[in-house]
Amino acid sequence: MAPDSLEGALALKTEHGDDAKFLAGGQSLIPAMNFRLAQTALLIDVNNLKELDYIRRDANGDLHLGALTRQRRLERDPLVKQYAPLLHEAMPWVAHPQIRNRGTLGGSLAHADPAAELPVIALALGARLRAQTARDERWITVDDFFRGLFTTDLASDEMLVEVVLPPLPPRTGAAFIEFSRRRGDYAMLGLAAIVTLNESGACEKARLVYLNAGDGPVDAKQAADLLKGQKPSAEVFAAAASLAAEQEINPMGSIHASPDYQRHLARVLTGRALKQAFARASQ
Amino acid sequence: MSELHPIKVIINGNTYERQVEARLLLSDFLRHELGLSGTHVGCEHGVCGACTILFDGAAVRSCIMFAVQADGHELATVESLAKNQNELHPLQQAFHEAHGLQCGFCTPGFLMTLVPFLQENPSPTEAEIREAISGNLCRCTGYQHIVDAVKLAAEKMKSTVVSSQ
């Protein structure tokens with residue numbers, strides 16, 4: 001089914017519930033179907049819903065991103081580059097250009113792959129997500145959205161339709177780093193770091209969110225708390241990195257990277273990301 | 001569901017109208033229904049890039065799209081590149097001259113990835129070339145000759161533009 005309107009798509013989802021899946025870019029769903037890992041009675045192709053493909057900035061400085069916005073557009077959009085530099089920095093790491101030409105923002109978030117970049121960026125930036133049903137809509141804060149491996153807070157009759165990124169406070173710097181075996185592969189580990197400084201140059205608040213380090217994007221709150229009130233130094237970065245790597249992430253390991261190696265990557269990459277984020281915050 | 005859906009799609013400038021099952025992959029449609037077997041199928045999960053085609057001008061993987069999704073769209077496959085049996089596209093000619101292929105299985109995907117890349121970026125650096133082909137796997141060449149071929153093609157295509165002016 002390929003409805004021409006959001007109303008049509010939501011009516012079909014209400015009617016078919018869990019028997020139906022939305023098909024956006026299809027860059028994760030169709031490979032899963034090819035492997036017969038996913039089998040769906042009905043696909044509701046939402047690619048005709050052009051009204052969900054947009055990037056706008058409102059008077060409050062919030063960036064509104066339609067769920068069907070292609071990843072390639074996010075990568076190249078001047079508003080994203082200027083007002084959501086962390087998202088801009090992470091986009092080239094999302095698979096390959098051929099995938100980004102089709103893959104969508106909403107599709108990646110709703111798929112909730114722990115190794116994906118966009119859930120990490122959404123969580124790090126404190127996104128608000130708008131979900132709609134045939135009858136009503138609701139806002140979900142990103143902290144409540146990810147519910148574990150490939151699982152979100154979306155109900156069976158809901159569709160994620162919009163992502164809103166709040167503006168960054170002044171004196172804020174962000175960095176995204178991941179490490180993969182080949183360009184475009186799923187990363188063995190990665191993170192987004194955001195740091196806001198006070199007027200004296202010490203950390204006022206921080207956020208560290210990891211990919212491929214648990215059953216969803218992993219928010220290392222203790223490590224972020226450790227940074228509060230601190231001025232940047234190698235010792236401070238190392239302490240936060242060790243805390244996140246040893247206590248907070250829960251990497252599952254794979255044939256390419258053992259959990260110990262992923263923890264090692266977390267320590268090294270956290271140090272690099274914090275150095276970059278602090279430097280950018282003080283610019 | 002084996003219900004058939006009518007689709008109308010423009011491929012390499014020709015219009016095709018067919019009835020397809022919802023589950024039919026675009027790559028299989030091109031190869032088996034239309035006989036456009038230049039589009040190769042490698043991994044069938046969006047990693048190897050052999051099945052890359054142009055979908056409304058953008059490089060996409062045809063093995064992770066359904067044929068029904070092409071309804072109303074304009075596609076181009078590797079068969080669209082050479083003008084005729086004797087005259088290759090400058091990118092194909094460059095692959096030939098710089099030994100950018102051995103077994104050739106991955107080549108259609110590389111070509112269809114690189115056509116829009118060179119349109120957007122006619123003078124790429126080596127790093128940009130390597131990033132552009134990061135989504136295409138080649139098991140024979142070690143990539144060096146492919147990179148050489150892209151550099152050669154960029155020069156050829158620039159000089160073609162100049163000489164045709």
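All chains are named by letter (A, B, ...) in the order of the sequence lines, taking the proteins before the strands, and each is independently numbered beginning at 1. Because the structure is a prediction, the values reported are computed rather than measured.
The pair B/R18-B/E33 does not meet the salt-bridge criterion, since no charged nitrogen lies less than 4.0 angstrom from a carboxylate oxygen.
Atom-to-atom distance recorded for B/N136:CG and B/R61:CZ is 6.5 Å, nearest 0.5 angstrom.
The contact between A/N34 and chain B is made by backbone and side chain atoms together, counting heavy-atom distances below 4.5 Å. Heavy atoms of B/F55 lying under 4.5 Å from chain A belong exclusively to its side chain. Residue contact with chain B, scored on non-hydrogen atoms closer than 4.5 Å, involves the side chain of A/L23 exclusively.
Checking side-chain atoms of A/R100 against main-chain N and O of A/A95 turns up a donor-acceptor pair under 3.5 Å.
Chosen from A/Q27, A/Q98, A/H96, the residue pairing most often with chain B at heavy-atom distances under 4.5 Å is A/Q98. Chain A forms the most heavy-atom pairs under 4.5 Å with one residue out of B/E44, B/M65, B/M112, and that residue is B/M65. Taking A/N48, A/N47, A/D45, A/D185 one by one and counting their heavy-atom pairs under 4.5 Å with chain B, the maximum is reached by A/D45.
Summarising the local packing, NZ of A/K21 is surrounded by 12 or fewer heavy atoms from other residues, nucleotides or ligands at distances under 6.0 Å. Residue A/K50 qualifies as enclosed at atom NZ: its count of foreign heavy atoms under 6.0 Å is above 12.
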